[in-house]
Amino acid sequence: MDPARWAAYEAVGAVHRDDAYANLVLPRILAHYDVHGRDAAFTTELTYGTLRLLGTLDAVIAHAAERAVDRIDPPARDALRLGAYQLLRMRVPAHAAVSTTVDLVRAVAPGAAGFANAVLRKIGSRDWDGWTAALAPADEVERLGLAHAHPPWVVRAFAEALGESPVEPALAADNVAATVHLCARPGRITAAALAERTGGEVGRYGPFAVYLPSGAPGEVPALAQGLAHVQDEGSQLVANALVDAPLDGPDERWLDLCAGPGGKAALLGALAAVRGARVTAVEVAPHRAALVEKATRGLPVEVRADDGREIEGTFDRVLVDAPCTGLGALRRRPEARWRRQPSDLPPLTKLQRELLGAALRVVRPGGLVAYVTCSPHVAETRVTVTETCRRSAVECDFVDVRPYLPAGMPELGGGPTVQLWPHRHGTDAMFVALLRRSAQ
Ligand SMILES: C[S@@+](CC[C@H](N)C(=O)[O-])C[C@H]1O[C@@H](n2cnc3c(N)ncnc32)[C@H](O)[C@@H]1O
């Protein structure tokens with residue numbers, strides 16, 4: 001068995017068996033099997049692609065096997081998923097996809113090799129479009145979910161957030177591997193200089209953004225030197241919007257209420273250093289607070305491992321980058337769409353409201369709060385913000401975010417809040433609302 005496919009099998013197995021995160025286990029597995037270069041790229045595409053498209057691959061396998069996938073032994077099932085992905089989505093010749101997968105099944109589930117061979121041959125009789133057309137449910141949301149491998153509740157959530165605009169491009173964009181974005185820390189290095197050093201490309205919109213040509217961010221010396229960090233361009237833009245919006249009066253005490261692992265705290269810290277401000281970064285999970293410490297070393301950032309809901313003090317600018325479903329970053333988290341459930345929403349929206357409520361309590365009169373999620377689900381975005389403001393004893397007004405995003409950014413909607421999208425902006429689907437506490 002070739003190490004590249006074996007590594008993909010191990011990674012997919014770890015995700016399903018141990019609830020692991022693919023982006024955390026895969027680098028370790030690649031190193032263990034000594035897979036590098038083009039082989040590593042093949043393994044990464046095979047692993048991430050299989051995990052992203054899982055629901056649809058399973059529907060195809062179930063049809064070809066004439067049994068539900070949960071009635072197939074897990075080792076054979078994971079091997080079949082990898083084989084189906086190669087047949088339907090990669091430019092692997094069909095005979096190679098079938099024979100390598102049957103070899104894999106022979107190694108991990110010897111009794112199932114003949115069965116796997118028959119199932120794979122059936123799967124290979126149609127391409128992706130042929131299968132999704134043949135299995136298309138009558139319901140439109142379910143049809144789109146099958147064609148673009150998203151659970152129907154996620155399709156519905158995207159459609160609601162997009163309103164009149166079509167949802168299909170948003171779903172399709174989640175199935176394209178995302179470029180790695182770097183943030184050139186202001187005051188430390190310009191985006192142009194970072195692009196030159198890394199062989200990357202200056203970002204389309206963000207003043208600090210650089211796109212890496214192919215992702216091996218661990219090997220970029222500028223990261224180890226504290227000149228830059230890995231961060232989606234959308235995350236950079238929303239943090240920068242909070243800092244760019246004008247403020248009357250003091251502007252020295254900034255708060256990041258949900259700071260772990262520290263991407264936005266690092267950008268805020270770099271901007272604070274340039275502007276003579278200081279950042280308090282709060283994170284409830286101690287191991288994530290430690291990551292914030294590491295990410296902000298050398299910057300004017302004080303890290304507190306505390307519950308943001310109990311924050312005390314007075315701040316001029318506050319960022320609430322709230323815990324959320326992460327439905328806006330599905331292209332970067334291959335397994336996430338199948339793990340998340342609608343039942344995750346109520347506890348998250350409750351926490352989001354409490355955190356935003358706390359931010360409104362500690363921001364000074366006239367000060368600014370940015371509420372941010374990497375989810376476009378309206379229950380986590382517009383509804384959280386309007387309901388929290390409505391119930392808060394603190395008076396505040398929406399500030400239109402659009403002037404504080406780069407000029408010329410298309411499709412920002414009618415304001416005052418902004419929802420970014422991978423298919424429109426090439427960023428994660430970040431939401432941002434800007435609130436100003438009324439002056440007393
Ligand atoms: C979306 S992430 C923040 C990402 C971070 N701002 C960045 O850019 O790297 C939300 C964070 O909030 C933290 N969190 C959850 N509940 C919290 C609470 N009650 N107080 C403070 N932090 C909390 C989570 O542990 C998680 O690290």
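As the structure is a computational prediction, the values presented were derived from the model and not from experiment. Atoms within each ligand, like the ligands themselves, are counted from 1 in listed order. Positions are given from 1, in the same order as the sequence printed here.
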Quiz item: Taking 4.0 angstrom as the limit, do Asp397 and Arg436 come out as a salt bridge?
Solution: no
Practice problem: Write out the residue and atom name of the closest protein heavy atom to atom 12 (O) of ligand 1, then the distance separating them to 0.1 Å. | Solution: Cys258 CB, 3.3 Å
Quiz item: Which pairs, with at least one residue in residues 401-440 and sequence neighbours excluded, count as a ring-ring contact (aromatic ring centres under 6.0 Å, His included)?
Solution: Phe158-Trp421, Trp421-His423
Quiz item: Would you say Gly262 has any N or O atom under 3.5 Å from an N or O of ligand 1, going by distance alone?
Solution: yes
Quiz item: Which pairs with one or both residues in residues 324-336 pass salt bridge (Lys or Arg N to Asp or Glu O under 4.0 Å), sequence neighbours excluded?
Solution: Asp232-Arg331, Asp232-Arg332, Arg331-Asp428, Arg332-Asp428
Self-check item: Of the listed options Asp232, Asp321, Leu268, closest to atom 10 (C) of ligand 1 (non-hydrogen atoms)
Solution: Asp321
Quiz item: Would you say Arg188 and Leu299 make side-chain contact, with heavy atoms under 4.5 Å?
Solution: yes
Quiz prompt | Which residue and heavy atom of the protein sit nearest atom 8 (O) of ligand 1, plus the separation | solution = Lys264 N, 3.0 Å
Quiz prompt | Geometric N/O contact Gly308 with ligand 1, under 3.5 angstrom | solution = yes
Exercise. Could you tell me whether ligand 1 has any atom less than 4.0 Å away from a heavy atom of Leu257?
Key: yes
Quiz item: Do you know which two heavy atoms are closest between Tyr48 and Ala22, and how far apart they sit?
Solution: CE1-CB, 3.9 Å
Quiz item: Nearest protein heavy atom to atom 2 (S) of ligand 1, by residue and atom, and its distance?
Solution: Gly260 O, 3.6 Å
Exercise. Measure the shortest side-chain to side-chain distance between Thr280 and Asp256 over non-hydrogen atoms and say whether it is less than 4.5 angstrom.
Key: no
Practice problem: Please identify which atoms of ligand 1 are closer than 4.0 Å to at least one heavy atom of Leu351. | Solution: 16 (N), 19 (N)
Quiz prompt | CA sep, side-chain torsions, deciding dist, call: Glu233, Thr427, side-chain hydrogen bond (donor to acceptor under 3.5 Å, both in side chains) | solution = CA-CA 6 Å; Glu233 188 176 16; Thr427 64; over 6 Å; no
Exercise. Considering only NZ, NE, NH1 and NH2 on the basic side and carboxylate oxygens on the acidic side, decide whether Glu160 and Arg156 come within less than 4.0 Å.
Key: no
Exercise. Only heavy atoms count here, so choose which of Val372, Val284, Val320, Val292 is nearest to atom 23 (C) of ligand 1.
Key: Val284
Quiz item: Where's the contact between Ala259 and ligand 1, heavy-atom distance under 4.0 Å: side chain, backbone, both or neither?
Solution: backbone
Practice problem: Report, in ascending order of atom number, the atoms of ligand 1 lying under 4.0 Å from any heavy atom of Ala322. | Solution: 1 (C)
Practice problem: For Gly263, take its heavy atoms, then give the atoms of ligand 1 lying under 4.0 Å from any of them. | Solution: 7 (C), 8 (O), 9 (O)
Quiz item: Does the pair Arg402/Asp400 count as a salt bridge with the N-to-O cut at 4.0 Å?
Solution: yes
Self-check item: Proximity winner for atom 24 (C) of ligand 1, if only heavy atoms of Gln352, Glu283, Arg304 are counted
Solution: Glu283
Exercise. Can you sort out which atoms of ligand 1 are near Arg309, meaning under 4.0 Å from one of its heavy atoms?
Key: 19 (N)
Quiz item: atom 15 (C) of ligand 1: which protein heavy atom is closest, and how many Å away?
Solution: Pro323 CG, 3.4 Å
Quiz item: Of all the atoms in ligand 1, which lie at a distance below 4.0 Å from a heavy atom belonging to Arg288?
Solution: 25 (O), 26 (C), 27 (O)
Self-check item: Numbered atoms of ligand 1 (with element) below 4.0 Å of Asp307, judged on heavy atoms
Solution: 18 (C), 19 (N), 20 (N)
Practice problem: Establish, for the pair Arg278 and Trp254, whether the NZ or CZ atom is under 6.0 angstrom from the six-membered ring centre and no further than 45 degrees off its axis. | Solution: no
Self-check item: Glu387/Arg391 salt bridge by N-O under 4.0 Å criterion
Solution: yes
Quiz item: For ligand 1, is there an atom lying under 4.0 Å from some heavy atom of Ser235?
Solution: no
